[in-house]
Amino acid sequence: MLRRRYCPRPPALLRAVRHLSRLAPPRPVTAEPVIRVSNNVARLGEPKEGPKPRQLLSLPPFPSSHTNPLPGRKRDPAADPSKPRRITAITWVKHYFADIPPEVIQSHFRKGLVHVESSNHGVPPDKGDHQMCQLKRVKHNDVMEVGMKIHIPVSVAETKITKRYDTIPTATLHPNADEIEYIRRLVIYKDSAIIVLNKPPKVPVKGNLPVHNSMDVLAAAALSYGNEQGPKLVHRLDRESSGLLLMGRTKETFARLHWLFANINLAKSSSQIWNDACEATMQRYWALVIGCPKEREGLISAPLSKVLLNDGKTERVILAHPSGIDGSQEAVTEYRVMGPTINGCSWVELRPLTGRKHQLRVHCAEALGTPIVGDYKYGWFMHQRWKQMPRVDYEPMTRSPYKLRRPEGLEVQKGSVLSKVPLLHLHCREMVIPHFAKFLRSSGEWHDEGTPWTSDKPDLLRFVAPMPSHMKISWNVMSSYLV
C-alpha cells in the first residue's frame, strides 16, 4: 500500500496563508452625515461632493523675446525697444481667444480657473486641487515669461448656437441678391489691398463648369466695391473645410501674396521691415481627430505625392515613397494636442509650414494615425472602428472616468460629432500676414519701408475666425464630459 508522503510547509509561508485567509473585505468608506437645511427644514444628509476635475485646454508656450508675442498689435512708442514687452496673463489669453468676449475670460480669472504650469515642483498645489499637482493658479496681472504654458477650462470657448443650419448658396448660373448679401456677411476684414472672409463648409472655393456659385464667383460679383475687377483667390481651402480665406484686390498684392504662400524667399526684398513681416506669416488650424497622437506636440516632415486610382479619374494624395521616385513634394506641419481625449477624439492645433493639397488631412490620417473627424476620404476605416468600439475616457490627472452630460437645450445639428455622419472638423482659425496696405500706395506703387503716412500702423495683421456651427456644437458637447 502506497502512503502519501507528508511535506510540511515552511513556517513563513504558513503564516502568510493563515494571515491572508483571515482578511475580511474592507468596509465601504462613507462620510459622516451633515445637517442640511432646505425650505427651513433641517435633515441629516450626505455632504456635498468636492470639486470635479475640469477638462483643461492648453495654450501654446509663451514665445521668446526674439519674436513678437502679439502680432498685429502696435508696440507702445514710449516703451524701451531694447527691453522685452511686458505682457500679462489676461492679455495673452485674450490675444489667443480673440473671438471670445472679454468678460468671459475675465470671469474665468476671477473664479481662479486659469492655471499655469509650475516650473518649481516644490510649490504646493492649491487646496482641493489634487488633480493639479503641477499646476498653480495665475492672476490676471501676472507677467508672462518665456516658455510659460497656461491651462484654462474648455468652457471658456463654449458658445451659444444661434442658427441650426448654415445658409448655403444654390447652384444657379448667376448669384442672386440673397447670395450676394450672404457672402458680404462673411467678410471679416477689408482694406485697399486685401479681403478676408470666413468661409463656411460645403461651399467650393474654385468654380468650374459643373460648379457655378463658388467663392471666387460670388466674390467677383459681390466684393468688387467699385473696382474694375473683383478680388482673386490667394490660397485654397477644401470644399468641406471652413475658416479664413484670403483674397488680393490688386495685381501687386495678389502677386506678392502668391509668392508669400508658395515660397517665402520669393516675397522677400532688401527691406528688413518687410522681411520680418514675411517671416511672421503663419496659419493655425483647429481639428478634431479620432484618437490621440502618441506625442503631445511635434513636427511632421513627410513628403506627399499624387496618385490616380483604378478608375483613372479620382486623384488621391499619399505619403511619398522614401526613394522619391514618384515625384514627391516637401510637406511640413507642426501640431499640438490641445486637451485630453474625450469620446475617442482629441482637439489638435495644426500649423502648416508648406501649402500642399490635402496636406493636413494626409498628415493627420497617415503620419499620425489619427484622421480628422468627417474625413472619409483618408480615414474611412478609422471612422468605422470609432463608431463601433466601446470606450471609457479618463481624466488625465485623477484617472477618473468621464461621463457624457449633454447640455440642456442643445440642438444636435446634422454634421456634429454626435451625428451618424459628421462633417469635416477642420477649420482655419488664425492667420497672421503682413499689413499690405501699409506698403502699397493708392496708385499701386510699392514701398518696402512703408509709406510715410502709415508709420503708426502695425506691420502685421492678425485674424481669428469663429468655428462653424457643427464644430461649435461638437466643442460644446465634448467639453461637457465631466465626472
Side-chain angles (χ1 to χ4, degrees), residues 52-60 93-94 96-105 107-108 113-114 150-166 198-202 240-244 284-293 335-350 360 364 370-375 386 391 393 395-396 402-430 464-483:
K52 299 178 181 179
R54 295 182 176 271
Q55 193 184 143
L56 297 179
L57 179 73
S58 62
L59 271 65
V93 176
K94 286 182 177 179
Y96 187 78
F97 293 106
D99 55 333
I100 303 299
E103 55 270 14
V104 176
I105 299 176
S107 67
H108 279 69
L113 302 178
V114 186
I150 285 183
H151 297 260
I152 192 168
V154 183
S155 57
V156 71
E158 287 186 357
T159 53
K160 184 178 180 181
I161 311 300
T162 56
K163 292 183 179 181
R164 185 172 182 182
Y165 296 103
D166 289 329
N198 185 11
K199 174 192 170 300
K202 299 189 294 184
E240 295 81 8
S241 61
S242 60
L244 294 169
R284 280 199 179 104
Y285 288 73
W286 278 9
L288 182 64
V289 300
I290 300 176
C292 182
Y335 76 93
R336 183 180 64 88
V337 180
M338 299 166 58
T341 301
I342 308 297
N343 195 32
C345 301
S346 305
W347 286 99
V348 179
E349 184 181 79
L350 304 167
L360 300 181
C364 287
T370 55
I372 301 175
V373 173
D375 188 3
W386 171 53
R391 51 191 169 267
D393 300 309
E395 201 275 330
Y402 282 113
K403 295 181 181 179
L404 174 60
R405 175 183 58 82
R406 298 200 182 200
E408 298 180 1
L410 177 64
E411 296 179 350
V412 180
Q413 179 190 5
K414 180 181 178 181
S416 67
V417 73
L418 292 182
S419 63
K420 294 183 178 179
V421 185
L423 295 178
L424 183 67
H425 283 58
L426 179 62
H427 177 71
C428 181
R429 179 180 178 270
E430 182 181 357
V464 176
M467 292 184 292
S469 299
H470 70 280
M471 291 187 66
K472 286 182 180 179
I473 295 176
S474 297
W475 181 279
N476 293 355
V477 171
M478 299 287 285
S479 65
S480 66
Y481 278 76
L482 301 175
V483 175

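All residue numbers refer to positions in the sequence shown, counting from 1. Values reported hereafter were calculated over all heavy atoms of this structure, with side chains retained and with hydrogens, waters and symmetry mates removed.
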Q: Give, for atom CG of L56 and atom CG of L113, the distance between the pair rounded to the nearest 0.5 Å.
A: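 CG of L113 is found 9.5 Å from CG of L56.
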Q: Name all residues meeting the side chain to side chain contact (heavy atoms under 4.5 Å, CB included) criterion together with E240; count only those two or more places apart in sequence or in a different chain, and write none if there are none.
A: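 E240: side chain to side chain contact (heavy atoms under 4.5 Å, CB included) contacts with D238, R361, L424.
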Q: Which pair of heavy atoms, one from H427 and one from S242, lies closest together, and at what distance?
A: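 Result for this residue pair: ND1-OG, 2.9 Å.
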Q: Within this structure, what is the NE2-OG distance for the pair H470 and S419, rounded to the nearest 0.5 Å?
A: 9.0 Å
Q: Between A287 and L350, which heavy-atom pair has the shortest distance, and what is it?
A: CB-CD1, 4.1 Å
Q: Decide side chain to side chain contact (heavy atoms under 4.5 Å, CB included) for C428 and K199; before the verdict, give the C-alpha distance in whole Å, the side-chain angles of both, and the deciding distance to 0.1 Å.
A: CA-CA 9 Å; C428 181; K199 174 192 170 300; over 6 Å; no
Q: Walk me through whether D375 and L426 qualify under side chain to side chain contact (heavy atoms under 4.5 Å, CB included).
A: CA-CA 9 Å; D375 188 3; L426 179 62; over 6 Å; no
Q: Indicate yes or no for a side-chain donor-acceptor contact from T370 to the backbone of C292 under 3.5 Å, with no hydrogens or angles considered.
A: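 It does not hold such a pair.
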Q: Classify the angle between the aromatic ring planes of W286 and F97 as parallel (below 30°), tilted (30 to 60°) or perpendicular (above 60°).
A: perpendicular
Q: Given 3.5 Å as the limit, does a donor-acceptor pair link the side chain of S58 with the main chain of M338, or not?
A: yes
Q: Who are the salt bridge (charged side-chain N to carboxylate O under 4.0 Å, His left out) partners of R284, not counting sequence neighbours?
A: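 In terms of salt bridge (charged side-chain N to carboxylate O under 4.0 Å, His left out), with neighbours along the sequence ignored, R284 is linked to E349, E430.
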Q: Knowing that exactly one of V156, I105, I152 qualifies, which makes a side chain to side chain contact (heavy atoms under 4.5 Å, CB included) with V114?
A: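 Among V156, I105, I152, the one that satisfies the side chain to side chain contact (heavy atoms under 4.5 Å, CB included) with V114 is I152.
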Q: So, using side chain to side chain donor-acceptor pair (under 3.5 Å) as the criterion, who are the partners of S241 when residues are at least two apart?
A: none
Q: Is there side-chain contact between V348 and C364, with heavy atoms separated by less than 4.5 Å?
A: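 V348 vs C364: side chains apart.
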Q: Let me confirm one number: the CH2-CG distance from W475 to L57, rounded to the nearest 0.5 Å.
A: 4.5 Å
Q: Name all residues meeting the side chain to side chain donor-acceptor pair (under 3.5 Å) criterion together with S474; count only those two or more places apart in sequence or in a different chain, and write none if there are none.
A: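 Testing S474 for side chain to side chain donor-acceptor pair (under 3.5 Å), a comparison that skips the adjacent residues, returns H425.
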Q: Using every non-hydrogen atom in the two residues, find where L244 and A465 come nearest and quote the distance to one decimal.
A: CD2-CB, 3.5 Å
Q: Over all heavy atoms of both residues, which pair between S346 and T341 is shortest? Give the atoms and the distance, please.
A: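 Looking at all heavy atoms of both residues, the closest pair is OG-OG1, 2.9 Å.
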Q: To the nearest 0.5 Å, tell me how far D99 CG sits from R429 CZ.
A: 4.5 Å
Q: Mind listing the closest non-hydrogen atom pair of P468 and P201 along with its distance?
A: CB-CD, 3.9 Å
Q: Taking all heavy atoms of V464 and all of A98, pick out the closest pair and write down the distance.
A: CG2-CB, 3.8 Å
